Peer 1: 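My questions will all concern the structure given below.
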Protein chains: 2
Amino acid sequence: MVEIRKPIPVEEAVHKVMQYQKYGKKETISLHDCDQRRLAEPIIATNHVPSFDKSPYDGFALRSIDTADASFNNPVEFEVVEHIGAGNVPKISLQKGQATRIMTGAMIPEGADCVAMFEVCQTYEKNNQPYMSIKRKMEKDQNIIKEGSEVSKGDVLIEQGTLINPGVKALLATFGYSKVCVAKKPLIGVIATGTELLDADQPLEPGKIRDSNAYMIESQILKVGGECLYFGKLADELETSYQTINNALNKVDILITTGGVSVGDFDLMPAIYDKLGADVLFNKVGMRPGSVTTVATRGNQLLFGLSGNPSACYVGFELFVRPVLQSKLFNKKPFLKHITANLGVDFPKPNPFTRFVRSYLTFNKSSIYVHPSGIDKSNVVSSLANATCLMMLPGGTRGFEAGSEVDVLLLDDMEGQEAF
Amino acid sequence: MVEIRKPIPVEEAVHKVMQYQKYGKKETISLHDCDQRRLAEPIIATNHVPSFDKSPYDGFALRSIDTADASFNNPVEFEVVEHIGAGNVPKISLQKGQATRIMTGAMIPEGADCVAMFEVCQTYEKNNQPYMSIKRKMEKDQNIIKEGSEVSKGDVLIEQGTLINPGVKALLATFGYSKVCVAKKPLIGVIATGTELLDADQPLEPGKIRDSNAYMIESQILKVGGECLYFGKLADELETSYQTINNALNKVDILITTGGVSVGDFDLMPAIYDKLGADVLFNKVGMRPGSVTTVATRGNQLLFGLSGNPSACYVGFELFVRPVLQSKLFNKKPFLKHITANLGVDFPKPNPFTRFVRSYLTFNKSSIYVHPSGIDKSNVVSSLANATCLMMLPGGTRGFEAGSEVDVLLLDDMEGQEAF
C-alpha cells in the first residue's frame, strides 16, 4: 500500500547532483555595487605597489653617503631644499649636503637613498633658510619602501570565485578595477505546494498553516548569492501544478519546489516529474530530516523537490542546492565548511540514518563545542532561527555522549570547502 | 617639533566612544525584503503552533478506546468514513468503529484521539466501502501533535536586534508578519582625505596612489548593516576640507574621514576639529596599527577620524565604528565576537602596544588555530582580503610562540558579544 523507496547515502546523493553542476554566467558591474558578489575573474596587479619609492615616516630624505662621518659628537648639516607631502612630486634632485623634508607616503626625491625620521633630526634656520642636522650614520635604502616591494605588477592576488569582502574591494580599488567582472546571480525559481498553505498575510484557518518554506528558501538563496523568483503556492491539484511548474522551468536556471515529494495520497510531485519527462536522480536519501528529498533533471536543468517540512526543506537546500549554486558562482569550494567539535550535551537517541541536527557553536580555551539549537523534531521551525551549523551524526545503533568529537557543517561560513 | 600625544589603552578608547552610542530608528518593510536586516521589535507568537491537533504521519485517525481488545490474533476493524489531506477540514466526527484516512499535517477529526500509521494497518474494501483493521492497541494522544505543543501564543520567540536569517524569516512568515519592523540603516558618511589620492578609475600618476579606503569602508558599512554616503576625496587644503566636512555632518548620522589625523605637516584634521568646535575624545590609542585613530563629537554626533593607512583604517572601523553602528541597529551584542585560539606560527617580534594582526582560522580535531593572513606591515593592503579575524596580541617586551593561546576577534561573525 505504501510505496517502498530505497534510500541512497547522503554522500552519493550529493555526488549525483554535482554531476550536473556547471559554471554560471559573468557580468560587469560598478565597483560600488560589488559587495558580497563573487569574482568571475582573478584580480591581477595592474601596477607595482608601491608604484614609486616612498617614505614610511615623516622626516628628511637625503643621501646616506653624506652621513658617513656623522656621530653623536659630530652632527652633519643639510640644507633643506624642498618640502613635499604625500601626492606631491619632488622637483629637486638632491646634491651633496641637501635634504628634502618629506611626509609619510610621499615620493622619494631623486638623489636621496634614505629617510631620517624627525625624531633623530635637529631642525633650525640660517639666513631664513631651513637646515637640519643628524648625529647618526644612515644606511642606503633605510626607511624607504621600494617600488614593487609589496606587490609586483602581474601578480595574481585573488582567485576567481572569491567573495568580495571589504579587503578584496580595497584591492580592486587599488588596482583601478572601477568595473568588476562578477558571477551573475543564478535565478532560482521557488514554488510551494500544499493545499494546507496560507500566505504570510492571511489569517489562520482551521486545518491550514502559513507557508514559511518559500520565504525561508528565498532567504537561503539570497544569503549565498542567488536571485529568487517566487511563483506562488499551489494546491495539491495535478494539472494546475504541472502547468505552473512546466512554465516556471522555462524562466529560471534552477527550480525548487517544496512539499509533495512523499508517498501520501496527495503528494503529486512524482506524477509531475513523469508528466514533465524529468529523470528522477533519487527520491529517498538515508538522512533525517529530509529523507524524501527528491532531485530530478530535465535536460541539463535541475529540479529540487524539497520536503514540505521546514527543517527538512532547510537541510535539503543547504546540502543539495547550495553547492550547485556556489559552483555557478565560480566558487571552487562549493560545499559547506566541515569541521569537528566536541558535543556539548548527551545525544542518547540512536538513529539508523545520518542525522543533520540544527546546532550552534560555543568556544572555550581554543576548543569548539556544538549544541543542538532546539528540540530535535523535524517539524519544529523555531530551532532554525538559532542554528549556525548542522551537526552531522552518522547513523547507527548507539547515541552520542557529551564530549565526543562530532562532525559539524558551518552554515554562515562563506568560504566553503572543495569536497563534501 | 613633533607633537607628543599620550596614547590611551584600546579598551578605554572603546568605552569612551560607546558612551555616545544610542539606539537608531525603526522602519516597517515587506517580509520579502527583510533579509540580513535586524529586528527592531521581538517576534511574538501570534498563534499556537500547531494551531490545531494534527497528524505527524500518513495513516488513520481513530478512537484509541476502540483498539482496547486489538492483538496480533484479534484485529479490530474500522469503517473508513472520510479521507483528508493537509489543509482539509474533517467534516465527520468519529463514532465507535469509525476511522478517518489522514495525511501528514492534516487536522485530527473530532472524536479521534490517536493516529495509526499505514505501516501497522490493513486496508481493504467491503461492499465498495473502505475498511481498515489494526492488530495492536493504541494509546490516547499517540501520534498526535497537540495544538500549542511546539509554541504557545504570546511566547517571545526572537529578541529585538536579532539578524534576520533564513530561520528567522521562516518564523516571521509562520506568524503572519508580512510586514516587519526592522532597524533603519544608519547613514554613515565617508570622506577620504589626502592630496595623494586618485579615484579607482584614474590612471596612476607619479607620487599618487588610488584611494582604497573609501571603497573598503563602504564595504565594511554595508556588511554590518549600515548605509553609506560617499562625499568624495579631499586634497589637503584646510578651508575646502572644513566646508565639505561641516556640510557632510548635517546630512549623516555618523561621519568617517580617512587620513589627516597624524602629526605630519599636511595632516589637517586636528585643525578642522578645532574649526568645527568638535570635542576630541582621543587622538592616540595604544594599538598597532591605528595608533593615530581619532574620535571627536559635535553635539551628540560622532566623527571618526581613521588613519589613511588601509590596515589601520580597517581596524579602526571594526573596533570603534562597528559597535556604535550595531547599537543603532538594536543589537544587544554590539562588539566583535571574542574567542581564544592556538597561535599557528611563532610571532617573535615584541611590541609595547596591543597589536591587531589580520589573520585567519584553521580547525583541527575540535581545536582552533589562528594564523596571520599576510606580512604584518601596516601598509600592506593585500592581507586584508584574506583576513577573517584579528589576532589581539597584548603589548609587552616578548613575542609569542606557536601553540600559545591568544585572543581573536571574529570579523565575519554577525552575532557579536555584549562587552568588548
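Here the structure is a predicted model, which means the values were calculated and not measured. Heavy-atom basis, side chains included; hydrogens, waters and symmetry copies ignored. Convention: sequence-line order gives letters A, B, ...; per-chain numbering from 1.
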Peer 1: Contact part of B/Lys337 toward chain A, heavy-atom cut-off under 4.5 Å: side chain, backbone, both or neither?
Peer 2: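 Answer is side chain: those atoms of B/Lys337 sit under 4.5 Å from chain A.
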Peer 1: Mind checking the CG-CE spacing from B/Asp267 to A/Met103? Nearest 0.5 Å is all I need.
Peer 2: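 Reported to 0.5 Å precision, the distance equals 8.5 Å.
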Peer 1: Examine whether an atom of B/Asn47 lies under 4.5 Å from a heavy atom of chain A, and if so say whether it belongs to the side chain, the backbone or both; otherwise answer neither.
Peer 2: side chain
Peer 1: Given a strict heavy-atom distance threshold of 4.5 Å, which part of B/Val89 is in contact with chain A: side chain, backbone, both, or neither?
Peer 2: side chain
Peer 1: With a 4.5 Å limit on heavy-atom distance, are the side chains of B/Ile158 and A/Asn386 in contact?
Peer 2: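 Yes, at least one pair of side-chain atoms sits under 4.5 Å.
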Peer 1: At a heavy-atom distance under 4.5 Å, which candidate from B/Lys208, B/Gln202, B/Met414 has the highest pair count against chain A?
Peer 2: B/Lys208
Peer 1: Among A/Ser178, A/Ala200, A/Pro166, A/Ala173, which residue forms the greatest number of heavy-atom pairs with chain B at distances under 4.5 Å?
Peer 2: A/Pro166
Peer 1: Sort A/Ala106 into side chain, backbone, both or neither according to what part of it lies under 4.5 angstrom from a heavy atom of chain B.
Peer 2: neither
Peer 1: CG/A/Leu171 to CG/B/Leu384 distance, rounded to the nearest 0.5 angstrom?
Peer 2: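 Rounded to the nearest 0.5 Å, the CG-CG separation comes to 8.0 Å.
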Peer 1: Count the heavy-atom pairs under 4.5 Å between each of A/Gly194, A/Gly264, A/Ala214 and chain B, then report the option with the highest count.
Peer 2: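 Winner by heavy-atom pair count: A/Gly264.
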Peer 1: Assess whether a salt bridge exists between A/Arg101 and B/Asp265, defined as any Lys/Arg side-chain N lying under 4.0 Å from an Asp/Glu carboxylate O.
Peer 2: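 Salt bridge: yes.
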Peer 1: So which part of B/Ser51 gets closer than 4.5 Å to some heavy atom of chain A, the side chain, the backbone, both or neither?
Peer 2: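 Contact with chain A involves the side chain of B/Ser51 alone.
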Peer 1: Counting only heavy atoms not in B/Glu405, do more than 12 fall under 6.0 Å of its CD?
Peer 2: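 Yes, CD of B/Glu405 has more than 12 neighbouring heavy atoms, counting only those of other groups under 6.0 Å.
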Peer 1: Ring centroids only, cut at 6.0 angstrom: are A/His338 and B/Phe363 within range, meaning strictly under it?
Peer 2: no
Peer 1: Side chain, backbone, both or neither: which part of B/Thr388 has an atom under 4.5 Å from a heavy atom of chain A?
Peer 2: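 For B/Thr388, neither part sits under 4.5 Å from chain A.
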Peer 1: Using atom types as modelled and distance alone, determine if a side-chain donor or acceptor of A/Ser366 lies under 3.5 Å from a backbone N or O of B/Ile368.
Peer 2: no
Peer 1: Using non-hydrogen atoms only, which part of B/Gln220 is less than 4.5 Å away from chain A: side chain, backbone, both, or neither?
Peer 2: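 Contact with chain A is through both the backbone and side chain of B/Gln220.
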Peer 1: For residues A/Glu415 and B/Tyr360, determine if any side-chain heavy atom of one lies less than 4.5 Å from a side-chain heavy atom of the other.
Peer 2: no
Peer 1: Can you tell me how far CD of B/Glu205 sits from CZ of A/Phe52, rounded to the nearest 0.5 angstrom?
Peer 2: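 One gets 10.5 Å once the value is rounded to the nearest 0.5 Å.
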Peer 1: State whether the side chain of B/Asn165 and the backbone N or O of A/Ala385 hold a donor-acceptor pair below 3.5 Å, judged by distance alone.
Peer 2: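 Flag set: sc B/Asn165 to bb A/Ala385 pair under 3.5 Å.
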Peer 1: What distance separates A/Glu196 CD from B/Asn88 CG, expressed to the nearest 0.5 Å?
Peer 2: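 If we round to the nearest 0.5 Å, A/Glu196:CD and B/Asn88:CG are 9.0 Å apart.
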Peer 1: Do you know which two heavy atoms are closest between A/Arg210 and B/Gly176, and how far apart they sit?
Peer 2: NH1-N, 3.4 Å
Peer 1: With chain A as the partner, which of B/Cys34, B/Gly85, B/Cys228, B/Ala45 has the greatest number of non-hydrogen pairs under 4.5 Å?
Peer 2: B/Gly85
Peer 1: Side chain from CB out, backbone as N, CA, C, O: work out which of these in B/Ile84 comes under 4.5 Å of a heavy atom of chain A, or both, or neither.
Peer 2: backbone
Peer 1: Could you tell me the separation between the NZ atom of A/Lys223 and the NZ atom of B/Lys169, rounded to the nearest 0.5 Å?
Peer 2: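 Reported to 0.5 Å precision, the distance equals 12.5 Å.
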Peer 1: Could you check whether atom CD of B/Glu159 has more than 12 heavy atoms from other residues, nucleotides or ligands sitting under 6.0 Å from it?
Peer 2: no
Peer 1: What part of B/Leu222 is in contact with chain A, defined as an atom under 4.5 angstrom from a non-hydrogen atom: side chain, backbone, both or neither?
Peer 2: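 B/Leu222 touches chain A through side-chain heavy atoms alone.
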Peer 1: Closest heavy-atom contact between B/Gly207 and A/Met107?
Peer 2: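 For B/Gly207 versus A/Met107, the nearest heavy atoms are N-SD, 3.5 Å.
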Peer 1: Of the listed residues (A/Val168, A/Leu163, A/Ile43), which shares the most heavy-atom pairs with chain B below a 4.5 Å separation?
Peer 2: A/Val168
Peer 1: What part of A/Thr162 is in contact with chain B, defined as an atom under 4.5 angstrom from a non-hydrogen atom: side chain, backbone, both or neither?
Peer 2: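 A/Thr162 has no heavy atom closer than 4.5 Å to chain B.
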Peer 1: Heavy-atom distances under 4.5 Å only: say whether B/Asp413 touches chain A with side chain, backbone, both or neither.
Peer 2: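 It is neither, since no heavy atom gets under 4.5 Å.
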Peer 1: Quick one: OG on B/Ser219 to CG on A/Leu172, what's the gap to the nearest 0.5 Å?
Peer 2: 9.5 Å
Peer 1: Would you mind checking which part of A/Asn213 comes under 4.5 Å of any heavy atom in chain B, side chain (CB onward), backbone (N, CA, C, O), both or neither?
Peer 2: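 Neither; nothing under 4.5 Å.
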